[in-house]
Peer 1: 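Structure below; questions to follow.
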Amino acid sequence: MSESQLWNDVDDYFTTHLTPEDEALRAALQHSEAAGLPPIAVTAPQAKLLQLLAQIQGARTILEIGTLGGYSTIWLARALPADGRLVSLEYSPIHAEVATRNLARAGLDDIVEVRVGAALESLPRLAAENPPPFDMVFIDADKGNNPQYVEWALELTGAGSLIVVDNVVRDGRVADPDNPAPDVRGTRTALELIGKHPRLSATAIQTVGSKGYDGFALARVLP
């Protein structure tokens, strides 16, 4: 058995026993695939981890940067109370349309708002609305802009908020300081920014699974 097959089998086992998907979640993946969206959504165990983090955080408001088909959005929104709010930013109008339908199918359209457009244009507009600090921010968009997303996450959160950055290992390429790829450079810059920022306490975790070798960073906003 190959290493990747073993990772897939373990993910399947975890999903079956710890993170079973219901019809709304399965439909979100099926409709995303049918619409031609790339198969890059988080896995069910990873999505359940995000949900647990939001619940542990006691989150009432969540900002998601990168919606795709809304699979992770559904998991996160289900962690919120009935009067909670989740704002998800998505660059692609097609992806946003698919996500909006998936969220409506899951009965979450009352608490989730999908905003369409480049995140670096949507974030200043969101900040201009002067919303209460978001309790949690999940960053899972174009990796080259991760440093700017972290900066905006700090702008839109407060002491005690949690910032999660996905896909920070990049198949191990993140350890190579000479790698010129934008996703690696953006991720390295974001991690180094997080590490030296006086308002953040953070760590990063390597993961393996059906999406390969990657990982995520967790940062808590300090007073």
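Positions are given from 1 along the sequence.
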Peer 1: Measure across N102 and S32 and return the closest heavy-atom pair with its distance rounded to 0.1 Å.
Peer 2: ND2-OG, 3.6 Å

Peer 1: Does the salt bridge (Lys or Arg N to Asp or Glu O under 4.0 Å) test come out yes or no for D183 and R173, once each step is laid out?
Peer 2: CA-CA 9 Å; D183 63 322; R173 293 181 295 132; 2.6 Å; yes

Peer 1: Verify, without hydrogens or angle tests, whether R26 (side chain) and E21 (backbone) share a donor-acceptor contact under 3.5 angstrom.
Peer 2: yes

Peer 1: Might you confirm whether atom CD1 of I94 has over 12 heavy atoms from other residues, nucleotides or ligands at distances under 6.0 Å?
Peer 2: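 Not buried by this count: 12 neighbours or fewer within 6.0 Å.
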
Peer 1: Starting at CH2 of W7, measure out to OG of S2 and round the result to the nearest 0.5 Å.
Peer 2: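 Answer rounded to 0.5 Å: 9.0 Å.
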
Peer 1: If you take all heavy atoms of A24 and I74, which pair is closest and at what distance?
Peer 2: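 Residues A24 and I74, closest heavy atoms: O-CD1, 4.3 Å.
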
Peer 1: Classify the angle between the aromatic ring planes of Y71 and W75 as parallel (below 30°), tilted (30 to 60°) or perpendicular (above 60°).
Peer 2: perpendicular

Peer 1: Does E90 reach the main-chain N or O of V114 with its side chain, forming a donor-acceptor pair under 3.5 Å?
Peer 2: no

Peer 1: Keeping S161 on the side-chain end and G158 on the backbone end, is there a donor-acceptor pair under 3.5 Å?
Peer 2: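 Side chain of S161 to backbone of G158: a pair is present.
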
Peer 1: Heavy-atom count check: over 12 atoms from other residues, nucleotides or ligands less than 6.0 Å from F216 CZ?
Peer 2: yes

Peer 1: Looking at residues at least two apart in the chain, or sitting in another chain, which of them share a side-chain hydrogen bond (donor to acceptor under 3.5 Å, both in side chains) with D9?
Peer 2: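 side-chain hydrogen bond (donor to acceptor under 3.5 Å, both in side chains) list for D9, sorted by chain: Q5.
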
Peer 1: Is the side chain of D11 donor-acceptor paired with the backbone N or O of S210 at a distance under 3.5 Å, no angle test?
Peer 2: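 Checking the backbone N and O of S210 against the side chain of D11, a donor-acceptor pair under 3.5 Å is found.
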
